[in-house]
Undergrad: 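Before anything else, here's the structure in question.
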Amino acid sequence: MSQSIGVNCNELKKEYDACFNRWYSEKFLKGDPKPECEELFKKYRDCVLIAVKQKQIDKLLVEARKDDPFSSITEVNK
Amino acid sequence: MVKLFQHTFKYEYNWDSVTLAFWLRYPNPFASHVESVDVIDRYVDPKTGSLRTTRLIMKRGVLPKWGQGFIKNPEAYIIEESIINPKTQTMITRTKNITHARVMQVEEWQTFRVDPNNREFTQVKTEAKFVSKFGWGLTEKLEGFGLKRFTDSSLKSRKGMSYILERIREKQLLRGRKLMNVYSI
């Protein structure tokens with residue numbers, strides 16, 4: 001598995017990724033969109049956001065996320 | 001001045017496997033410069049049932065020798081946005097660099113669909129755009145460099161995906177005999 005930007009987030013990332021990959025293959029792709037890894041994700045994301053801030057890329061990230069690339073794409077849902 | 005790149009490719013794996021490989025694609029032997037990958041945001045859109053994900057990718061050593069003079073920080077951050085509709089079996093991804101964007105903004109779009117000629121294969125359309133606002137007469141050179149680099153790196157990224165897809169297939173075959181975790185590659 002890939003590393004996290006935050007060295008101390010690796011364990012949380014590993015747990016979350018394992019949960020997500022299983023859910024993605026066994027539930028989401030099979031037509032069940034109900035989320036299952038929310039709690040693991042919250043813990044992992046909180047950790048990542050601290051690391052993002054420490055590396056001072058939080059503002060760049062906020063700026064980049066203002067542009068939603070799919071806002072005008074309806075093709076995906078056809 | 002903007003440079004464009006377009007490419008269509010076919011993976012001989014089904015769409016489910018290819019989209020899973022997209023999540024698992026780092027690390028792989030063809031992407032040693034990728035240091036970290038993190039999910040920043042992820043949710044299922046209740047209206048469409050599509051999965052929206054934002055990931056932050058950190059790479060190192062992405063500049064040519066003659067570029068290292070004016071870029072002090074060798075870390076490069078990339079934002080990867082994706083949307084997956086499992087009903088229409090469409091995945092669209094958009095990646096762009098968020099650091100060094102004045103030197104060069106590379107924006108890549110990929111669309112993954114089931115191959116219309118073979119349901120077991122997946123078609124991927126890649127489009128990329130390179131824009132440099134650097135000036136000093138270097139814009140042309142940078143954009144040309146970006147295009148060449150992108151051609152090389154998109155070949156590497158296909159090799160990386162194929163490597164991961166092969167691992168997924170091996171694990172799925174093994175799983176038939178013994179319970180194995182397919183997802184921890």
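Letters A, B, ... are given to chains in the order of the sequence lines, protein chains preceding strands, and every chain is numbered from 1.
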Undergrad: Is there a path of hydrophobic side-chain contacts, each under 4.5 Å between heavy atoms, that joins B:Phe9 and B:Met161?
TA: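 Yes, one cluster joins them.
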
Undergrad: Working to the nearest 0.5 angstrom, can you tell me the gap between B:Leu20 CG and A:Phe28 CZ?
TA: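 Atom-to-atom, B:Leu20:CG and A:Phe28:CZ are 12.5 Å apart.
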
Undergrad: Taking the side chain as everything from C-beta on, heavy atoms only, tell me whether A:Arg65 gets closer than 4.5 Å to B:Asp41.
TA: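 The answer is yes, as the side chains (C-beta and beyond) meet within the 4.5 Å cut-off.
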
Undergrad: Go through the steps to decide whether A:Leu61 and B:Tyr77 satisfy the test side chain to side chain contact (heavy atoms under 4.5 Å, CB included), and finish with yes or no.
TA: CA-CA 9 Å; A:Leu61 195 58; B:Tyr77 290 92; over 6 Å; no

Undergrad: To the nearest 0.5 angstrom, please state how far the OH atom of A:Tyr24 sits from the CG atom of B:Leu51.
TA: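 These two atoms lie 7.0 Å from each other.
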
Undergrad: Taking A:Ile5 as the starting point, is it possible to reach A:Ile50 by hopping between hydrophobic residues whose side chains are less than 4.5 Å apart?
TA: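 Looking at the clustering, A:Ile5 is in a separate group from A:Ile50.
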
Undergrad: So do the side chains of A:Asp67 and B:Arg94 get within less than 4.5 Å of each other, counting heavy atoms only?
TA: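 Contact flag for A:Asp67/B:Arg94 side chains = yes.
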
Undergrad: Looking at B:Leu56, B:Ile79, B:Thr99, which hits side-chain contact (heavy atoms from CB on, under 4.5 Å) with A:Leu60?
TA: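 Single side-chain contact (heavy atoms from CB on, under 4.5 Å) partner of A:Leu60 among B:Leu56, B:Ile79, B:Thr99: B:Thr99.
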
Undergrad: Sort A:Lys55 into side chain, backbone, both or neither according to what part of it lies under 4.5 angstrom from a heavy atom of chain B.
TA: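 Just its side chain gets close to chain B.
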
Undergrad: With a 4.5 angstrom heavy-atom cut-off, could you sort out which part of B:Lys87 is near chain A: side chain, backbone, both or neither?
TA: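 No part of it gets close to chain A.
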
Undergrad: At a 4.5 Å cut-off on heavy atoms, which part of A:Pro35 comes close to chain B: side chain, backbone, both, or neither?
TA: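 Looking at A:Pro35, nothing touches chain B.
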
Undergrad: Out of B:Pro46, B:Ser17, B:Pro86, which one racks up the most heavy-atom pairs below 4.5 Å with chain A?
TA: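 Heavy-atom pairs under 4.5 Å are most numerous for B:Pro86.
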
Undergrad: If you count every heavy atom of other residues, nucleotides or ligands that lies below 6.0 Å from A:Glu39 atom CD, does the total exceed 12?
TA: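 No - once you tally the heavy atoms of other residues, nucleotides and ligands closer than 6.0 Å, there are 12 at most.
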
Undergrad: Between A:Leu29 and B:Trp15, what is the shortest heavy-atom contact and its length?
TA: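 Heavy-atom minimum between the residues: CD2-CZ3, 3.7 Å.
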
Undergrad: Can the positive tip of B:Arg42 be found less than 6.0 Å from the middle of the six-membered ring of A:Phe41, inside 45° of the ring normal?
TA: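 Pair B:Arg42/A:Phe41 does not count as cation-pi.
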
Undergrad: Counting heavy-atom pairs closer than 4.5 Å to chain A, which one of B:Val44, B:Ile57, B:Asp16 comes out on top?
TA: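 Option with the top pair count is B:Asp16.
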
Undergrad: Rounded to the nearest 0.5 Å, how far does OG of B:Ser82 lie from CZ of A:Phe70?
TA: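 Spacing of CZ (A:Phe70) from OG (B:Ser82) equals 6.0 Å.
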
Undergrad: So which heavy atom on A:Tyr44 is nearest to which on B:Val37, and how close?
TA: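 Scanning both residues completely, I find the closest heavy atoms to be OH-O, 3.9 Å.
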
Undergrad: Which bit of B:Glu81 comes within less than 4.5 Å of chain A, counting heavy atoms only: side chain, backbone, both or neither?
TA: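 Both backbone and side chain of B:Glu81 come within 4.5 Å of chain A.
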
Undergrad: Just verifying a value: how many Å separate A:Ser2 OG and B:Asp38 CG, rounded to the nearest 0.5 Å?
TA: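 Taking OG in A:Ser2 and CG in B:Asp38, the distance rounds to 7.5 Å.
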
Undergrad: For A:Ile57 and B:Met58, run side chain to side chain contact (heavy atoms under 4.5 Å, CB included): C-alpha distance rounded to whole Å, both residues' side-chain angles, the deciding distance at 0.1 Å, then the answer.
TA: CA-CA 11 Å; A:Ile57 46 165; B:Met58 198 261 269; over 6 Å; no

Undergrad: How many angstroms lie between atom CG of A:Leu49 and atom CD1 of B:Ile40, to the nearest 0.5 angstrom?
TA: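 One finds 5.5 Å between CG of A:Leu49 and CD1 of B:Ile40.
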
Undergrad: With a 4.5 Å heavy-atom cut-off, do B:Val39 and A:Arg45 have their side chains touching?
TA: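 B:Val39 does not reach A:Arg45 side chain to side chain.
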
Undergrad: With clusters defined by side-chain heavy atoms of hydrophobic residues (ILVMFWY) lying less than 4.5 Å apart, directly or transitively, does B:Phe121 cluster with B:Ile84?
TA: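 The answer is no; the residues belong to distinct hydrophobic clusters.
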
